[in-house]
There are 2 protein chains.
Amino acid sequence: MSAGAIPVEPLAEEETLSLGERAYRRLRDGIVQGTLRPGSRISERSMAHALGISAQPVREALRRLEQDGMVVTLPRRGTVVAEIGPERLAELGRIRAALEGVAAALAAERMSGEVLAELAQIVRGMRSATAAADTEALAELNERFHAILQGATGNLFLVKSLEALRAYDDLGRLRALGSTPKDMPKALREHASILAALKARDPALAEARMRHHVLRSLTTNGVLAAPRQGR
Amino acid sequence: MSAGAIPVEPLAEEETLSLGERAYRRLRDGIVQGTLRPGSRISERSMAHALGISAQPVREALRRLEQDGMVVTLPRRGTVVAEIGPERLAELGRIRAALEGVAAALAAERMSGEVLAELAQIVRGMRSATAAADTEALAELNERFHAILQGATGNLFLVKSLEALRAYDDLGRLRALGSTPKDMPKALREHASILAALKARDPALAEARMRHHVLRSLTTNGVLAAPRQGR
DNA sequence: CCCTGCCAGCTGCTATAGCAGTTGTCCATG
DNA sequence: CATGGACAACTGCTATAGCAGCTGGCAGGG
């Protein structure tokens, strides 16, 4: 009710996450990195012992992974890592494009001027990073752009779904690593056009441009095949 | 490896679900039906005692509900029911429309002839149900139509996401109950046109029609407002 | 040799107990 | 009266133990 002028920042994202959260990320990374091969069985007990924790957090992580579609649990029989082939990755990419499109549409309606200015700042950073050919900074800026836009929707379901899909995105890069070689200017132009649509408060245009951007990006990275399936 | 001609059917979906699953549905229904008001706190222990079970299944249910966006948990502080206003329902409706559209596109590419025939059978049932003005049968057929189509994609993530969104759908009907009064013929025509696109193996067309159908349906039910935001 | 039924060893699932933070109240203190 | 600190009562979170169901192999009867 009080505390309006205390000159301290809140603790910046403590790294002491819950064991369930850590187990979730650990297992997720193991799956997308190929350490946990598709079809391999994951026992709650043995995995708990391997991680040095109890079985409950592991179970919790497995349930979340199941909802993400990364593992499949047969009741009273076992949990196995799901097969994630190229075609499945392509499907998830199209789902991601659709969801990011909706996020852009919602953001165009609700986004505040401050957040809009923040995005403009990021696009400016992208411009200089592109000129300097700084791929690492560009990747981070790209992530922030999408994260801020999604957060601006204020929709938990949307944010969590896209967060789950982002993990698969990492898996796709294993097949076509070394991305963002020469299409950096194209990505910059796309982000700028999306920002313009957001500024114009045009949901349909923002959605179309965002969707096209994601699909084009996935196509460039080799996740999606042909330039067919036009938006 | 054997057993090719045993004249018995497998046990039809035993109703003995896990406690976690039952707690999840119970809490979810409580939220969408208004028994658990937005902002009210849900304690793992007290809820477990109220349901006559242990705290673990309740916790598991709460985590799933959190991923669905129905509750929000502050670590070490408590879990409260999230606010779900009309604008949030509208957002979720648009997300659902986008996801069902992607499902239709994927189905148009992968769907087998048998499943296609099954859908055709359902549409035929819809035709007669519409003629008989049997709203109850029509609702069930509609649910089966979408469920079969989504299942035909074989995408776990898509299916589970849409399943979660379906729960919100029930919440929307509380505000505008007594739906499907006169738009039955329109829904029938839309389903038939979607089926035609699926038969033609036209992903883009199937997606556009499905999306339009869902948006139109939500608009008729009052979940979405204006006929704006044109696909 | 083949088939059938039992049984040890897994599995996910649930219950109980206790840990570690957070919060609100109440009392001692300035 | 106002203020700060400690304590009690929560909370979510984790660990341990044990339940019920499934699987595979092994022995015993045909």
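Sequence lines set the chain letters: A, B, ... in the order given, protein chains first and strands last, and positions in each chain run from 1. Because the structure is predicted, anything quoted here is derived from the model rather than measured.
- Between the CD1 atom of A/Ile42 and the P atom of C/dC13 there is a distance of 14 Å, rounded to whole Å.
- Whole-Å rounding puts the B/Met47 CE to D/dC10 P distance at 17 Å.
- Between the P atom of C/dG21 and the CG atom of A/Leu17 lies a distance of 14 Å, rounded to the nearest Å.
- Side-chain atoms of A/His213 never come within 3.5 Å of backbone atoms of A/Arg209 as a donor-acceptor pair (strictly under, hydrogens ignored).
- Taken to the nearest 0.5 Å, the CE atom of B/Met70 stands 6.5 Å off from the OH atom of B/Tyr24.
- Within 6.0 Å of CD in A/Glu143 there are 12 or fewer heavy atoms belonging to other residues, nucleotides or ligands.
- Listed for the A/Arg64 side chain is no donor-acceptor partner under 3.5 Å among the backbone atoms of A/Glu21.
- Of the candidate nucleotides D/dC13, C/dT11, D/dT16, D/dT16 has the atom nearest to the side chain of A/Gln56.
- Remark: side-chain polar atoms of A/Arg201 are paired, donor with acceptor, to backbone N or O of A/Met111 under 3.5 angstrom.
- One end of the helix from C/dC1-D/dG30 to C/dG30-D/dC1 points its axis 10° away from the other end's axis, with each axis taken from 5 pairs and the angle rounded to 10°.
- Listed by residue number, the members of residues 59-83 of chain B with any heavy atom below 4.0 angstrom from DNA chain D are B/Arg59, B/Arg63, B/Arg76, B/Arg77, B/Gly78, B/Thr79.
- Comparing A/Arg45 and A/Ser18 against DNA chain D, the residue whose closest nucleotide sits nearer the 5' end is A/Ser18.
- A/Leu51 has its CG atom 11 Å from the P atom of D/dA15, to the nearest Å.
- Of the N and O atoms on the side chains of A/Gln56 and A/Glu44, not one donor lies less than 3.5 Å from an acceptor on the other residue.
- The nearest whole Å value for the distance from the CD atom in A/Glu44 to the P atom in D/dT14 is 15 Å.
- Distance from the side chain of B/Leu19 is smallest for C/dA15 among the nucleotides C/dA15, D/dA15, D/dT11.
- Listed pair A/Ser54 / D/dT16 fails the phosphate criterion, with no side-chain N or O lying under 4.0 Å from OP1 or OP2.
- Counted within 6.0 Å of CZ on A/Arg144, heavy atoms from surrounding residues, nucleotides or ligands total 12 or fewer; the atom is thus considered open.
- Of the possible polar contacts, one joining the A/Tyr168 side chain to the A/Asp68 backbone as a donor-acceptor pair under 3.5 Å is found.
- Counted by atom type alone, B/Gln121 and B/Arg124 present one or more donor-acceptor pairs between their side chains at under 3.5 Å.
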